[in-house]
Amino acid sequence: MSLYYDLHTHTYHSDGLLAPRELLREAQASGIRGIALTDHDVTSGLDEASRSARDFGVELIPGVELSVSWSGQTLHILGLRIEPGNPALQAGLARVQESRRLRARAMGERLARHGIEGAYEGALRHSRGIIVGRTHFARYLVEQGHAKDLRHAFTRYLRKGAHGYVATQWPGLDEAVTWIVAAGGLAVIAHPARYHLTAGALRRLIDEFKAAGGLGIEVVSGSHSPEDVERFALLAQEYALLASAGSDYHGPGETRTAVGRLAALPSGCVPVWSAWTA
Ligand code: AMP
Ligand code: MN
Ligand code: MN
Ligand code: MN
């Protein structure tokens with residue numbers, strides 16, 4: 001068995017396609033040692049995931065991926081090895097879940113003003129959990145023939161500045177890291193290359209993240225190029241951050257990287273799992 005983890009995955013409890021049990025079955029087939037289930041802003045999939053993990057002999061790391069507003073943009077912060085029942089974490093998540101419901105209604109209204117009817121109801125229909133997100137709108141837009149695939153739905157309707165986009169005030173970086181730490185978890189900056197930050201902004205982000213109690217950064221990610229991996233491996237070493245690896249798997253056909261099928265962390269990185277396997 002591999003000594004490796006995939007620490008970033010989704011199920012239909014947020015915007016993935018699979019049930020937790022189906023995700024764990026795929027993880028087992030990949031030969032990976034363990035996975036973190038990190039659904040967006042919700043922990044409702046973790047019970048089924050941990051039962052299935054026992055059945056399939058895969059280690060489950062309970063996790064979450066928090067939406068955060070920082071310096072005028074949205075970032076994602078992963079919480080790994082969280083205690084899902086923690087009241088501070090759940091109070092924070094309840095607030096984000098409510099923001100998502102309000103945003104979804106506003107997105108539906110904006111899309112209707114641009115000639116797309118029924119998007120709010122359609123997105124809710126595609127959402128199987130308590131979270132509604134842009135991916136659910138994207139699936140509705142594709143289903144109705146407004147876009148040929150998810151990527152086009154985002155570029156035409158859902159990316160920042162597009163007709164269906166509604167800006168949302170997510171929790172601050174400091175707040176999100178505090179909830180994760182309160183829940184006994186380890187905070188990790190998700191897919192850092194996705195934010196296209198300047199070198200200065202990236203350094204400011206890492207300084208603020210570490211000051212808040214953050215400990216890790218994703219170096220290997222389904223959305224990172226080999227150059228991104230090298231770059232963030234060096235940055236992790238320079239800042240003494242633990243290096244994480246995650247596919248960001250959302251389901252068959254929706255992401256390039258399948259669950260558990262990840263490139264190795266570059267040598268010199270301290271893997272985030274050394275925090276619990278050492
Ligand atoms: P939300 O958190 O509701 O704003 O939605 C963000 C999610 O949308 C991400 O976690 C991805 O799963 C998905 N997403 C963002 N950009 C794209 C894109 N260009 N193509 C496909 N999916 C995307
Ligand atoms: Mn997603
Ligand atoms: Mn993300
Ligand atoms: Mn993700």
Within this structure, what is the CZ-CG distance for the pair Arg203 and Leu197, rounded to the nearest 0.5 Å?
12.0 Å
Grab the two heavy atoms, one from Ala187 and one from Ile180, that are nearest each other, plus how far apart they are.
N-CG2, 3.9 Å
Do Leu241 and Val272 have side-chain heavy atoms sitting under 4.5 Å apart?
no
When you compare the side chain of Pro252 with that of Glu26, does any pair of heavy atoms fall below 4.5 Å?
yes
Roughly how far, to the nearest 0.5 Å, is the CG atom of Asp39 from the CG atom of Asp15?
7.5 Å
Does Thr277 form a side-chain hydrogen bond (donor to acceptor under 3.5 Å, both in side chains) with Arg33? I'd like the steps, not just the answer.
CA-CA 11 Å; Thr277 57; Arg33 170 174 178 171; 5.2 Å; no
Got a sec, which residues hit ring-ring contact (aromatic ring centres under 6.0 Å, His included) with Tyr195, two or more places apart in sequence or on another chain?
His191
Between Leu202 and Val68, is there shared hydrophobic-cluster membership here, with clusters defined by ILVMFWY side-chain heavy atoms closer than 4.5 Å?
yes
Is a donor on one side and an acceptor on the other found under 3.5 Å between the side chain of Tyr239 and the backbone of Gly216?
no
Going by heavy atoms in the side chains, are Ile189 and Leu75 under 4.5 Å from each other?
no
Look at the side-chain heavy atoms of Ile, Leu, Val, Met, Phe, Trp and Tyr, link any pair under 4.5 Å apart, and say whether Ile217 and Leu215 land in one connected group.
yes
Which heavy atom of Ser247 sits nearest a heavy atom of Asp6, and at what distance?
OG-OD2, 2.7 Å
Less than 4.5 Å apart, any side-chain heavy atom of Val220 and any of Tyr4?
yes
Please identify each residue that fulfils salt bridge (Lys or Arg N to Asp or Glu O under 4.0 Å) with Asp207, with sequence neighbours left out.
none
Parallel, tilted or perpendicular: rings of Tyr157 and His146 (30°, 60°):
perpendicular
Looking at every heavy atom in both Leu7 and Thr38, which two are closest together, and how far apart are they?
O-CG2, 3.8 Å
Stepwise side-chain contact (heavy atoms from CB on, under 4.5 Å) test for Gln28 and Leu24
CA-CA 6 Å; Gln28 182 199 41; Leu24 268 297; over 6 Å; no
Within the supplied structure, the quantity of interest is the number of heavy atoms (other residues, nucleotides, ligands) at a distance under 6.0 Å from Arg151 CZ; does it exceed 12?
no
Shared hydrophobic cluster, Tyr140 / Tyr165 (ILVMFWY, side-chain heavy atoms < 4.5 Å):
no
With side-chain contact (heavy atoms from CB on, under 4.5 Å) as the criterion, how do Val229 and Leu265 come out once you've worked through the C-alpha distance, each side chain's angles and the decisive distance to 0.1 Å?
CA-CA 8 Å; Val229 171; Leu265 281 172; over 6 Å; no
Looking at Asp41, Val64, Ile131, Leu37, which hits side chain to side chain contact (heavy atoms under 4.5 Å, CB included) with Ser14?
Ile131
Looking at Thr9 and Ala36, would you say the former's side chain and the latter's main chain have a donor-acceptor pair under 3.5 Å?
yes
Evaluate Glu218 against His76 for side-chain contact (heavy atoms from CB on, under 4.5 Å), listing each step before the verdict.
CA-CA 11 Å; Glu218 260 185 343; His76 288 168; over 6 Å; no
Contact between Leu80 and Ser244 at the side-chain level, heavy atoms closer than 4.5 Å - yes or no?
yes
Between the side chains of Glu98 and Arg101, is the shortest nitrogen-to-carboxylate-oxygen separation below 4.0 Å, so that they form an ion pair?
yes
Quick one: CD1 on Ile61 to CH2 on Trp273, what's the gap to the nearest 0.5 Å?
10.5 Å
Nearest 0.5 Å, what's the OG-CG distance between Ser223 and Asp248?
6.0 Å
State whether the side chain of Arg110 and the backbone N or O of His163 hold a donor-acceptor pair below 3.5 Å, judged by distance alone.
yes
Okay, side chain of Gln90, backbone of Gly85: is any donor-acceptor separation there less than 3.5 Å?
no
Quick check against the 3.5 Å criterion: does His126 have a side-chain atom that pairs as donor or acceptor with the backbone of Ala123?
no
Partner residues of His10 under the ring-ring contact (aromatic ring centres under 6.0 Å, His included) criterion, sequence neighbours left out:
His8, His40, His250
Can you check whether Ala182's main-chain N or O pairs, donor with acceptor, with Asn86's side chain at less than 3.5 Å?
yes
I'd like to know if Leu17 and Val259 are part of one continuous hydrophobic network [Ile/Leu/Val/Met/Phe/Trp/Tyr, side-chain heavy atoms within less than 4.5 Å].
no
Interatomic distance, CG@Asp228 vs CG@Leu235, rounded to 0.5 Å, equals 12.0 Å
Of all heavy-atom pairs between Phe137 and Gly108, which one has the smallest distance, and what is that distance?
CE2-N, 4.1 Å
Any Ser99 side-chain heavy atom under 4.5 Å of Gln169 side chain
no
Are the side chain of Ser69 and the backbone N or O of Trp170 linked by a donor-acceptor pair below 3.5 Å?
yes
Would you kindly say whether Ser52 and Asp55 are connected by a side-chain donor-acceptor distance under 3.5 Å?
no
Check whether Val42 and Leu102 end up in the same hydrophobic cluster, where Ile, Leu, Val, Met, Phe, Trp and Tyr are linked by side-chain heavy atoms less than 4.5 Å apart.
no
Pairing residues for Glu227 by the salt bridge (Lys or Arg N to Asp or Glu O under 4.0 Å) criterion, not counting sequence neighbours
none
Does Arg125 pair with Glu143 as a salt bridge, N-O distance under 4.0 Å?
yes
Can you list every pair that meets salt bridge (Lys or Arg N to Asp or Glu O under 4.0 Å) and has a residue in residues 253-264, with sequence neighbours left out?
Arg139-Glu254
Rounded to the nearest 0.5 Å, what separates atom OG in Ser221 from atom CG in Leu262?
8.5 Å
Identify, with sequence neighbours excluded, every residue that meets ring-ring contact (aromatic ring centres under 6.0 Å, His included) alongside His224.
Phe232
Under-4.0 Å salt bridge between Glu109 and Arg105:
no
Would you sort out whether Leu18 and Tyr249 count as a side-chain contact (heavy atoms from CB on, under 4.5 Å), showing the intermediate values?
CA-CA 10 Å; Leu18 300 181; Tyr249 183 64; 3.9 Å; yes
All heavy atoms of Leu242 vs all of Ala275, minimum pair found to be CD1-CB, 4.5 Å
State, to 0.1 Å, how close Ala233 and Cys269 come at their nearest heavy-atom pair, and which atoms those are.
CB-SG, 3.6 Å
Only one of Leu150, Leu141, Val166 clears side chain to side chain contact (heavy atoms under 4.5 Å, CB included) with Leu158; which?
Leu141
